[in-house]
Amino acid sequence: MQDQVREQDDREKAANAYVMSLVALMAGLPLPIVNLLATFIFFMSNRKSSYFVRWHCTQALLSQFFVFILNTISFQWTFRILFGDLEFSNEYFGYLCVVIIVNVAEIIGTLISAVKVRKGIESNWWLFSPLTNLLVRKES
Amino acid sequence: MYIATNAKFFESHQIPFLRDRLLALEDDKFIMIQSANLKDPSTALIISIFGGSYGIDRFYIGDTGLGVAKLLTLGGCGIWTIVDWFTIQGNTKKKNIENVQKFLV
């Protein structure tokens, strides 16, 4: 009984990791670092939580890190075009399209994960879940 | 009765543990527990939303050091404020159980 109740609390905390990253993404636009920092602080504050919570915090953090790298490159590229020595090119627009597609996919994936985890259904992302399995240890 | 009126101040998985400890408690300690200063997690969340940038939520739950840090950094440039919207209720409940456990020992 007590384990079931604890599981409910854990589901809410784990789902919060995804929801929080979305809120931070919206609040931090156009700076790409804000959502990564917010997810990292959330991860640190839950580092003594259960395995389930830590696992989902880590998966959210890894996905944010991947998107952060893509967004930082596009941010710098745009900045250099607007204020520096570069000009608009086909490569730039191609890269921008890829970044937008990845960001939209990440936002949709995060939303789906938040809903699924809240219901107690496992949500394993391609590439990130095997990495998370390697990083998160069972014991806290 | 205590559990029924104060359940919202604690994590739900802590309730059975608290109930067992309260049943085994002496009467004089029970009066002390009733006077324990419990903070409302919903109030903490509202304070966090409106005054989180100034660390008022942390002051409210008794984390004075973190409150000062949050105030000086203007809510960690807004990032800490956002994180606390999602963690402040859990932190408040953790503080509440710590306050009650002082009397249960």
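Labels below follow one simple rule: chain letters A, B, ... track the order of the sequence lines, proteins then strands, and each chain is numbered from 1. Source: prediction; values computed, not measured.
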Any side-chain donor near an acceptor of the partner, Asp57(B) and Ser48(B), under 3.5 Å | yes

Answer yes or no: is there a donor N or O on one side and an acceptor on the other, between the side chain of Glu11(B) and the main chain of Lys93(B), under 3.5 Å?
-> no

Could you tell me which residues satisfy salt bridge (charged side-chain N to carboxylate O under 4.0 Å, His left out) with Asp84(B), sequence neighbours excluded, listed by chain and number?
-> Arg58(B), Lys70(B)

Where at least one partner belongs to residues 29-38 of chain A, residue pairs that pass side chain to side chain donor-acceptor pair (under 3.5 Å), sequence neighbours excluded = Asn35(A)-Gln64(A)

For chain B, which residues of residues 16-27 of chain A have at least one non-hydrogen atom nearer than 4.5 Å to it?
-> Asn16(A), Val19(A), Met20(A), Val23(A), Ala24(A), Ala27(A)

Contacts of Arg21(B) meeting salt bridge (charged side-chain N to carboxylate O under 4.0 Å, His left out) (sequence neighbours excluded), chain-then-number -> none

Hey, does the side chain of Asn99(B) reach the backbone of Asn37(B) with a donor-acceptor pair shorter than 3.5 angstrom?
-> yes

